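Everything on this sheet refers to the single structure shown next.
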Amino acid sequence: MNYEKTICSVCRNASCIIKRNVHLSQLSRYIDQKSTINCKKGQTFIIEGAPVQGLYFVNKGAVKVTKTGLNGKEQIVRLAKDGEIIGHRGFGAGQFYHIGATALENSSLCNFSLDSMNQMLLEIPKLTYDLMTFYAEELSRSETKVKKFAQMTVREKVIDALLYIFRKFGQKDDFFGIQLSRKDIADFAGTTDEQVIRILSSLKKEGLIQTSGKKIGTKNVNLLRKEISEHNYFIDS
DNA sequence: TCATTAACTGTCG
DNA sequence: CGACAGTTAATGA
């Protein structure tokens, strides 16, 4: 296990709000306070209901953010990759996380304590502004997601989930840049793994996607988009 | 190798 | 469309 702290100055995550502001001199002492956590695939590093332990950034890897329903069903709220923030709703008023987060791949995470974050945001307006922009985007995504869940059929929701994965992780050698279990896709789309399996195999029969074991890919994104085009929500969510 | 997990199929309410 | 039961394939201890 490698516990070495990742250094922001050599980090490649241009979308990270810390990295974007790393040139600000006030930031350096807070960066010195951060810690790096290495998570193995499948490891849960934010437990729903546990006390907030600050803010996490994905340095490298992939993470799912989840919320558990009353029946114990897991809902994947979003996926996060390099440069993205996790646990950002945990601070402010809330004392406890109301989401969970587990690594989908071996991942390294940067963690800033609550105190660190609060002082940073009070002291550096540019950082606060960037975070606010991020919140605004998140809220907008969340709103369109509500519409989706209300209006889309299961087939459309699964296609939408596939497009989300495609957008976020891209495709390499005809398959998506991340391998998710059918269960994870189901938890994201708000359905069951059996439904996902069935829809994936019919999509495969129709030639819209190809699968090989856990690997899924598409050769015709536009055809997939067309299926849910009436909903017009495929822009970004 | 055996045991556990994931993928898939069929059926029923 | 979801829930359940059951089979097969893949994975890993």
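Quick note on labels: first sequence line is chain A, next is B, and so on, each numbered from 1. Predicted, not measured: the structure shown is a model, and the values here were computed from it.
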**Q.** Audit row: A:Asn21, A:Asp130, side chain to side chain contact (heavy atoms under 4.5 Å, CB included) steps and yes/no
**A.** CA-CA 9 Å; A:Asn21 294 294; A:Asp130 282 354; 2.9 Å; yes
Q: Count the heavy atoms belonging to other residues, nucleotides or ligands that lie under 6.0 Å from NZ of A:Lys67, then report whether that count exceeds 12.
A: yes
Q: Considering only heavy atoms of chain A and a distance under 4.0 Å, specify the first and last nucleotide of DNA chain C in 5' to 3' order that meet this criterion.
A: C:dC1 to C:dC4
Q. How about A:Leu223 and A:Glu206: do any of their side-chain heavy atoms sit closer than 4.5 Å?
A. no
Q. Where along residues 169-180 of chain A does a heavy atom fall under 4.0 Å from DNA chain B?
A. none
Q: Could you tell me the separation between the CD atom of A:Gln195 and the C1' atom of B:dC12, rounded to a whole number of Å?
A: 13 Å
Q. B:dC8 P sits how many Å from A:Asp193 CG, rounded?
A. 10 Å
Q.
Expressed as a whole number of angstroms, how long is the span from A:Ile199:CD1 to B:dT9:P?
A. 13 Å
Q. Rounded to the Å, how far apart are A:Lys183 NZ and B:dA6 C1'?
A. 12 Å
Q) B:dT9, B:dG10, B:dA7: which one has an atom nearest the side-chain heavy atoms of A:Arg198? A) B:dG10
Q) Under the side chain to side chain contact (heavy atoms under 4.5 Å, CB included) criterion, do A:Arg29 and A:Gln119 qualify, and how do the steps go? A) CA-CA 11 Å; A:Arg29 77 182 186 90; A:Gln119 287 172 42; 3.8 Å; yes
Q.
Nearest whole Å is fine: how far is B:dT9 P from A:Leu200 CG?
A. 11 Å
Q. Over how many whole Å does the gap from A:Ile216 atom CD1 to B:dA6 atom C1' extend?
A. 13 Å
(Q) Regarding A:Thr153, tell me which of base, sugar-phosphate or nothing describes its non-hydrogen contacts under 4.0 Å with the strands shown. (A) nothing
Q: Show your reasoning for whether side chain to side chain contact (heavy atoms under 4.5 Å, CB included) applies to A:Asp184 and A:Leu104.
A: CA-CA 10 Å; A:Asp184 279 338; A:Leu104 293 166; 3.8 Å; yes
Q | Ionic contact status for A:Glu137 with A:Arg78, cut-off 4.0 Å | A | no
Q | side chain to side chain donor-acceptor pair (under 3.5 Å) partner of A:Ser108, chosen from A:Asp82, A:Asn59, A:Thr36 | A | A:Asn59
Q. Atom NZ of A:Lys215 to atom P of B:dA6: distance rounded to whole Å?
A. 18 Å
**Q.** salt bridge (charged side-chain N to carboxylate O under 4.0 Å, His left out), paired with A:Lys64, selected from A:Glu105, A:Glu74, A:Glu84
**A.** A:Glu74
(Q) Against the six-membered ring of A:Tyr164, is A:Lys81 placed for a cation-pi contact (under 6.0 Å from the centre, within 45° of the normal)? (A) no
